[in-house]
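To keep things clear, I will list the structure first and then write my remarks on it.
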Amino acid sequence: DGPIVTYTNATNLTIQGKNGDDAIVIDAGLAGPGVTFAVDGGSSTNGSDTLTVVSLAGFDPLVVTPTSQGAGNVAYFSGGAGAVTYSGIEEIELVGQLADADPFGIDGTAGNDVFQYVSGPTANTGTVRGTMDTAGAAFPLPIIRFSGIAQASLIMFNTFGNQGGTDTVVFTATDAADAIAYNGAGNLTNTGAAGLLTNINIGTAALGGTTTTLQIEAQNGDDVITVTPEIGVAIGVNGDNPSASDTLVILGLDGVVEDFQVTSTSPGSGNVFEVNSTGTVNFTGIEHVQVDSGDVGGGDGDTLTVFDTFGDDDLLLTAGNNGDLVTGSSITPVEAVNSFATLTVDVTGSFGDVVTVDSTQLFNAATYSVVGTILDELVILGSNTGDVVTSDADTITVGSTDIDFTALIGALTIRTLEGDDNITLTGLTISATVDAGAGNDTVDASGVADDNVRLHLIGGAGNDNLIGGDSPTGSALGDILDGG
């Protein structure tokens, strides 16, 4: 400890740390009104000169503006005290008054900046690192640690007038089970078991900033990451620990027509693209994807397409926990939540795919569609209680559920399982197999009049009535009728 120095009638206070690893604390509430501060850390022994700035009593955000390596200023945003200009500083500690709901902010530079926000062990603590860029010269942001900060008051990045370039914010959550949410308009929150842990404005164009990339690192724990895509912002989500069960929720907007496309590159990895906003969310380490249309009253006309991989995929469209689920060993499971006009499974990315539609379990879309190639197979399942099935050239209807398919599909199989089924086929232009299963079934394919279509009708156990197709020229390939 050095000597105590007192002063009177001073408006500018300069502190020079000189050599050594210095710890300098600025508490403007003790310094007197109207005093500005200049702090020079000097040369440090281990590269660890620390500047601590304490907020004033009352609501008083602290705002850091970096200008070059180890240099910049910390402003008392409420204007209750003079700014703290610093140089030669490797670490900054911002100390708020939690009872006064103090937040803080960090501004960017005119270049391409990267901010890295790391959650602390408690809601009012954490660390910010980063790389700044001025005139093409990159420099590290001082390590900024904070305590006594009220997350509910919103921590701000990159929105104080000095920002420019195309900037990136990396958010690192905790190792516990996190509930992270990004609202598609610059605001990111994280809620844990103890309540609100993080509440930050990442500084996108929606709030006057220049952040164009957001990367979310969920860390360990069974996390739920909810993201609304944003125009002009590339969003990445890493669920991290593969032994956890992480869910990515893509949340649409109520009253807005949206077209979502989900592509898996491997189980747990891929991307979600919203066509109309061009918003993209890339993901890794995710065990489950939910696409929520966000339609409160329904009827917005949103669509969802789930694509296959470049391999031979075996996909199942069935019921999930909260909506319709597309799953398979080669993709990340995708669940459609709330209403969609159309849910499409597109397997044109490769050949030799099988898509099974568990038709009687579906409820979230007005229409279901399967798009494939001549080497792909569509399998439609009924129920064990007796199904009514009809068709036209490109649609199979089971009960009230419509399954559209492309004429390029190479093989069509309908399995209605048990029960007394009534199946009427008309207009088909591709060959099909119908297995009505056990029960007293009626399969009438007399409305299929195409010389190039071959039908295999299987009645299964029971008293069945099977009627083959009607060739207009008498040169049909020949149907197979198997009463079982």
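Since we're looking at a predicted model, the values are computed, not measured.
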Are Phe171 and Tyr182 close enough, and set up right, to give a side-chain contact (heavy atoms from CB on, under 4.5 Å), and what steps lead you there? CA-CA 11 Å; Phe171 170 74; Tyr182 181 70; over 6 Å; no
Given Asp402 and Thr397, is the side chain to side chain donor-acceptor pair (under 3.5 Å) satisfied, shown in steps? CA-CA 4 Å; Asp402 292 334; Thr397 301; 2.7 Å; yes
Evaluation steps, side-chain contact (heavy atoms from CB on, under 4.5 Å), between Val64 and Val128: CA-CA 11 Å; Val64 180; Val128 179; over 6 Å; no
Verify side-chain contact (heavy atoms from CB on, under 4.5 Å) between Ser119 and Thr198, making sure each step is shown before the conclusion. CA-CA 8 Å; Ser119 301; Thr198 305; 3.8 Å; yes
Go through it in stages, so that I can follow the logic: the residues are Thr247 and Gln290, the test is side chain to side chain donor-acceptor pair (under 3.5 Å), and I'd like the CA-CA distance, side-chain angles, deciding distance and then a yes or no. CA-CA 7 Å; Thr247 298; Gln290 279 189 5; over 6 Å; no
Starting from the C-alpha separation in whole Å, work towards a yes-or-no answer on side chain to side chain donor-acceptor pair (under 3.5 Å) for Thr344 and Thr342. CA-CA 6 Å; Thr344 300; Thr342 304; 5.7 Å; no
Can Asp312 and Ser350 be said to form a side chain to side chain donor-acceptor pair (under 3.5 Å), step by step? CA-CA 7 Å; Asp312 295 336; Ser350 63; 4.7 Å; no
Hey, mind stepping through Val379 and Leu381 against side-chain contact (heavy atoms from CB on, under 4.5 Å) and telling me if it holds? CA-CA 7 Å; Val379 179; Leu381 302 180; 4.1 Å; yes
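Phe260 pairs in a side-chain contact (heavy atoms from CB on, under 4.5 Å) with only one of the listed residues (Val306, Asn276, Leu304, Asp292), which is Leu304. With Val281 as reference, Leu248 is the one residue of Asn271, Val262, Leu248 to meet the side-chain contact (heavy atoms from CB on, under 4.5 Å) rule. For the pairing with Leu317, the side-chain contact (heavy atoms from CB on, under 4.5 Å) check across Val370, Asp358, Leu343, Leu325 returns one residue only, Leu343.
With sequence neighbours left out, Arg145 forms a side chain to side chain donor-acceptor pair (under 3.5 Å) with Glu91.
A side-chain donor-acceptor contact under 3.5 Å links Thr332 to the backbone of Gly268. Using a distance-only test at 3.5 Å, with no hydrogens or angles considered, no donor-acceptor pair links the side chain of Asp223 to the main chain of Asp246. Asp353 places no side-chain N or O within 3.5 Å of a backbone atom of Asp376 that could act as its donor or acceptor partner. For Asp175 (side chain) and Gly221 (main-chain N/O), no donor-acceptor pair under 3.5 Å exists by modelled atom type. With Asp324 contributing its side chain and Ala336 its backbone, the two residues share no donor-acceptor pair below 3.5 Å. Remark: the backbone N or O of Asn199 is paired with a side-chain donor or acceptor of Gln151 at under 3.5 angstrom. In this structure a side-chain-to-backbone donor-acceptor pair under 3.5 Å is missing from Glu274 to Gly279. Under the 3.5 Å distance criterion, the side-chain polar atoms of Asn440 are matched with a main-chain donor or acceptor of Asn463. Counting only distance, with no hydrogens or angles, the side chain of Asn112 and the backbone of Thr166 share a donor-acceptor pair below 3.5 Å. Of the possible donor and acceptor atoms, none in the side chain of Asn322 sits under 3.5 Å from a partner among the backbone N and O of Val337.
The two residues Ser359 and Ile403 have their closest heavy-atom pair at CB-CD1, 3.8 Å. In plain terms, the two heavy atoms of Gly148 and Asn124 that are nearest each other are N-OD1, 3.1 Å. The shortest non-hydrogen separation linking Asn364 to Gly323 is ND2-CA, 3.6 Å. Closest of all the heavy-atom pairs between Thr309 and Ser264 is CG2-O, 3.5 Å. Gly203 approaches Thr159 most closely through the heavy-atom pair CA-CG2, 3.7 Å. Closest approach of Ile200 and Asn187 over heavy atoms only: O-ND2, 3.2 Å.
Between Asn201 and Asn158, the side chains place no donor N or O within less than 3.5 Å of an acceptor N or O (distance only, hydrogens not considered). The closest side-chain donor-acceptor pair between Asn338 and Asp295, if any, does not fall under 3.5 angstrom. Thr211 and Asp167 are not linked by any side-chain donor-acceptor pair at a separation below 3.5 angstrom, with hydrogens and angles left out of the test. For the residue pair Ser329 and Asp314, no side-chain donor N or O sits within less than 3.5 Å of a side-chain acceptor on the partner. Side-chain atoms of Asp404 and Thr395 form a donor-acceptor pair, as typed in the model, at a separation below 3.5 Å. Neither side chain, Thr228 nor Asn183, offers a donor N or O lying under 3.5 Å from an acceptor on the other. Inspection of the Asp222 and Ser245 side chains reveals no N or O donor paired with an N or O acceptor under 3.5 Å.
Looking at Thr212 and Val233, their side chains never come closer than 4.5 Å, going by heavy atoms from C-beta outward. The side-chain heavy atoms of Leu466 and Val434, taken from C-beta on, include no pair separated by under 4.5 Å. In this structure, Asp300 and Glu258 have side chains that are not in contact, with every pair of non-hydrogen atoms separated by 4.5 Å or more. At least one side-chain heavy atom of Asn282 sits under 4.5 Å from a side-chain heavy atom of Thr280. Residues Ser277 and Glu230 have side chains not in contact (no heavy-atom distance under 4.5 Å, counting atoms from C-beta outward). No side-chain heavy atom of Asp435 sits under 4.5 Å from any side-chain heavy atom of Thr413. Residues Asp133 and Thr131 have side chains not in contact (no heavy-atom distance under 4.5 Å, counting atoms from C-beta outward). Contact of the Ile380 side chain with the Tyr368 side chain is not registered, since no non-hydrogen atoms from C-beta on lie closer than 4.5 Å.
Leu417 CG to Asn384 CG: the interatomic distance, rounded to the nearest 0.5 Å, is 5.0 Å. Atom OG in Ser446 sits 9.0 Å away from atom CG in Leu425 (nearest 0.5 Å). Atom OG1 in Thr265 sits 14.0 Å away from atom CZ in Phe307 (nearest 0.5 Å). The distance from the CD1 atom of Ile106 to the CE atom of Met156 is 12.5 Å, given to the nearest 0.5 Å. Note that OG1 of Thr168 and CD of Gln215 are 9.5 Å apart. Values are rounded to the nearest 0.5 Å. Atom CG of Leu375 is separated from atom CG of Leu408 by 10.5 Å, given to the nearest 0.5 angstrom.
Between Tyr117 and Phe146, the ring-plane angle classifies as tilted under the 30° and 60° cut-offs.
For Phe77, the CZ atom is loosely surrounded, since the number of other residues' heavy atoms within 6.0 Å does not exceed 12. For Phe351, the CZ atom counts as loosely surrounded, since its 6.0 Å shell holds 12 or fewer non-hydrogen atoms of other residues, nucleotides or ligands. Counting heavy-atom neighbours within 6.0 Å of Ile374 CD1, excluding the residue itself, gives a total of 12 or less. For Asn465, the CG atom is densely surrounded, since the number of other residues' heavy atoms within 6.0 Å is greater than 12.
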